[in-house]
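Notes follow the structure.
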Amino acid sequence: MDLDHCRLALRELAHLHALGIVMRRLRPEVFSGRAFQETCHHFMHDRMDVYKEEMRTLEDTVVKQVLEEVPEVLTLLDENALRKGIGTLSSRDTTHRKEPFYTVVHNDFWVNNMMFAYDDTIGRPERLKMVDFQITEIGSPVRDLLFFIYSSADSDALARVDDLMREYHAELERYVRLHGLDGDDLGWTAFQRELEAVAPDAMGQLMLMTSIIRAQNKVEKTDNDDDTFARLGVSAPAKTRYLEIVRDFAKKGWVRTVWYGTGYRKNSDPARGSDRCCR
């Protein structure tokens with residue numbers, strides 16, 4: 001997806017997230033109501049033990065596939081850190097509701113789940129409709145933001161990731177204020193803290209979905225998701241995107257890069273991020 005499409009998608013995503021924040025603060029009785037909460041709980045909330053076991057099986061498959069097909073990732077981070085990042089599929093906190101940003105998240109926001117309308121004269125995208133709200137949750141908007149950018153942006157647009165995040169955040173703030181909130185606690189510094197806290201948990205979903213989204217061969221789906229995933233293989237575009245994800249996550253300090261015995265720390269190599277402690 002090129003830069004114009006990304007900007008429009010992120011503008012509409014910011015609107016979705018902003019409206020969730022507005023509803024939570026101005027209409028708390030609706031946001032906290034049973035109907036709304038049951039619509040937005042984890043899609044396997046009543047079978048979390050089954051979900052986590054399925055995710056752990058997929059994690060093992062993803063780690064094995066990435067190490068075999070894209071060994072270059074180990075020039076960017078060590079194997080323990082890779083396993084830890086992919087391990088967020090099963091370990092991430094699905095109940096994360098931390099002020100000030102928690103809101104309604106789409107949870108599967110990528111190029112196949114949106115429809116564009118175009119200007120008839122110049123062909124530029126001007127409107128967007130989101131689809132597939134089957135696994136909507138309440139959580140951090142960072143999950144949608146990073147999953148969209150790293151799953152759907154082309155390499156040229158991805159090179160502008162910092163600009164895209166700034167534009168998304170500015171639109172989030174603007175839309176919150178437009179609907180009657182001052183938004184003073186939603187500034188860029190606060191959003192950077194949210195990124196640092198939540199971004200490490202986005203890596204697992206991205207590493208799982210990259211080979212699926214960028215698959216270049218078709219396989220017949222079976223009842224065994226692990227088997228279906230393994231048979232897809234890793235296409236050349238998927239290999240490139242794996243490296244882009246790992247490069248950026250390591251550089252920005254969004255991944256635990258070295259195990260020191262008492263916990264993961266961000267590597268002090270400038271190419272891999274800062275040396276500040278990581279949760």
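Checking side-chain atoms of Glu194 against main-chain N and O of Lys98 turns up no donor-acceptor pair under 3.5 Å. Judged by distance alone, with hydrogens and angles left aside, the side-chain atoms of Thr210 form no donor-acceptor pair with the main-chain N or O of Tyr242 at under 3.5 Å. Looking at Arg214, its side chain does come within 3.5 Å of a backbone N or O of Ser151 through a donor-acceptor pair.
A 4.5 Å side-chain heavy-atom check between Thr39 and Thr136 finds every atom pair outside the cut-off. Between His5 and Asp2 there is a side-chain heavy-atom pair separated by less than 4.5 Å. Counting only heavy atoms from C-beta outward, the side chains of Gln134 and Asp108 never approach each other to under 4.5 Å. Inter-residue side-chain proximity for Met1 and Ile149 is flagged as unmet; no heavy-atom pair is nearer than 4.5 Å. Contact check for Arg143 versus Asp201: no side-chain heavy atoms found under the 4.5 Å cut-off. A 4.5 Å side-chain heavy-atom check between Trp254 and Asp248 finds every atom pair outside the cut-off. Contact annotation: the side chain of Val246 approaches that of Leu77 to within less than 4.5 Å [non-hydrogen atoms, C-beta and beyond]. Using a 4.5 Å cut-off on side-chain heavy atoms (C-beta onward), Met203 and Leu82 make contact.
With values rounded to the nearest 0.5 angstrom, Ile138 atom CD1 is found 8.0 Å from Thr103 atom OG1. Here Lys252 contributes atom NZ and Gln192 contributes atom CD; the two are 10.0 Å apart, rounded to the nearest 0.5 Å. Here Ile245 contributes atom CD1 and Met207 contributes atom CE; the two are 6.0 Å apart, rounded to the nearest 0.5 Å. The CZ atom of Phe109 lies 3.5 Å from the CE atom of Met114; values are rounded to the nearest 0.5 Å. Remark: Arg7 CZ to Leu128 CG distance equals 15.5 Å, nearest 0.5 Å. Interatomic distance, CE of Met130 versus CG of Leu13, reported as 5.0 Å (0.5 Å rounding).
Residues passing the side chain to side chain contact (heavy atoms under 4.5 Å, CB included) test with Ala159, sequence neighbours excluded: none. Here Tyr168 pairs with His17, Phe191 under the ring-ring contact (aromatic ring centres under 6.0 Å, His included) rule; sequence neighbours left out. Contacts of Glu59 classified as salt bridge (Lys or Arg N to Asp or Glu O under 4.0 Å), with partners at least two apart in sequence or in another chain: none. With sequence neighbours left out, the side chain to side chain contact (heavy atoms under 4.5 Å, CB included) criterion links Glu244 to Ser155, Leu158, Thr240, Arg241, Arg247. Every residue two or more places apart in sequence or in another chain that forms a side chain to side chain contact (heavy atoms under 4.5 Å, CB included) with Ala157 is listed here: Leu3, Cys6, Ala153, Asp154. By the ring-ring contact (aromatic ring centres under 6.0 Å, His included) test, Tyr150 pairs with Phe249, sequence neighbours left out. Checked against side chain to side chain contact (heavy atoms under 4.5 Å, CB included), Val63 has the following partners two or more places apart in sequence or in another chain: Leu67, Arg83, Ile86.
The heavy-atom pair separating Val73 from Val66 by the smallest distance is CG2-CG1, 4.0 Å. Taking every heavy atom of both residues into account, His169 and Trp188 meet most closely at CE1-N, 3.2 Å. Contact detail for Val111 and Ser152: the closest heavy-atom pair is N-OG, 3.0 Å. Across Met55 and Ser90, no two heavy atoms sit closer than the pair CB-CB, 3.8 Å. When every heavy atom of Phe101 is checked against every heavy atom of Gly187, the shortest pair comes out as CZ-O, 4.2 Å. Annotation for Ser211 and Leu208: closest pair OG-O, 3.8 Å, computed over non-hydrogen atoms.
The hydrophobic cluster of Val105 has no other members, since no ILVMFWY side-chain heavy atom comes under 4.5 Å of it. Taking a 4.5 Å side-chain heavy-atom cut-off between Ile, Leu, Val, Met, Phe, Trp and Tyr, the cluster of Leu19 extends to Tyr175, Leu178.
The list of ring pair (Phe, Tyr, Trp, His ring centres under 6.0 Å) pairs with a residue in residues 122-146, not counting sequence neighbours, reads His106-Phe133. Sorted by first and then second residue, the pairs that involve residues 120-129 and meet side chain to side chain donor-acceptor pair (under 3.5 Å), not counting sequence neighbours, are Asp119-Thr121.
Under a hydrophobic-cluster definition in which Ile, Leu, Val, Met, Phe, Trp and Tyr are linked whenever side-chain heavy atoms come within less than 4.5 Å, directly or via other members, Val131 and Ile212 are assigned to different clusters.
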Evaluate the side chain to side chain contact (heavy atoms under 4.5 Å, CB included) criterion for residues Val176 and Glu173: first the C-alpha distance (whole Å), next the side-chain angles of each, then the deciding distance (0.1 Å), finally the verdict. CA-CA 5 Å; Val176 162; Glu173 273 197 303; 5.9 Å; no

Applying side chain to side chain contact (heavy atoms under 4.5 Å, CB included) to Leu10 and Glu171, what does each step give before you reach the verdict? CA-CA 9 Å; Leu10 287 174; Glu171 186 63 14; over 6 Å; no

Derivation of the side chain to side chain contact (heavy atoms under 4.5 Å, CB included) call for Leu16 and Glu12: CA-CA 6 Å; Leu16 171 68; Glu12 296 303 317; over 6 Å; no

Is there a side chain to side chain contact (heavy atoms under 4.5 Å, CB included) between Arg174 and Arg11? Walk through the geometry before answering. CA-CA 11 Å; Arg174 186 192 73 82; Arg11 185 187 74 192; 6.0 Å; no

Could you list the donor-acceptor pairs under 3.5 angstrom formed between side-chain atoms of residues 25-32 and any protein atom two or more places apart in sequence or on another chain?
residue, atom, partner, partner atom, Å
Arg25, NH1, Asp185, OD1, 3.2
Arg25, NH2, Pro100, O, 3.3
Arg25, NH2, Asp185, OD2, 2.9
Arg27, NE, Glu29, OE2, 2.9
Ser32, OG, Pro28, O, 3.1

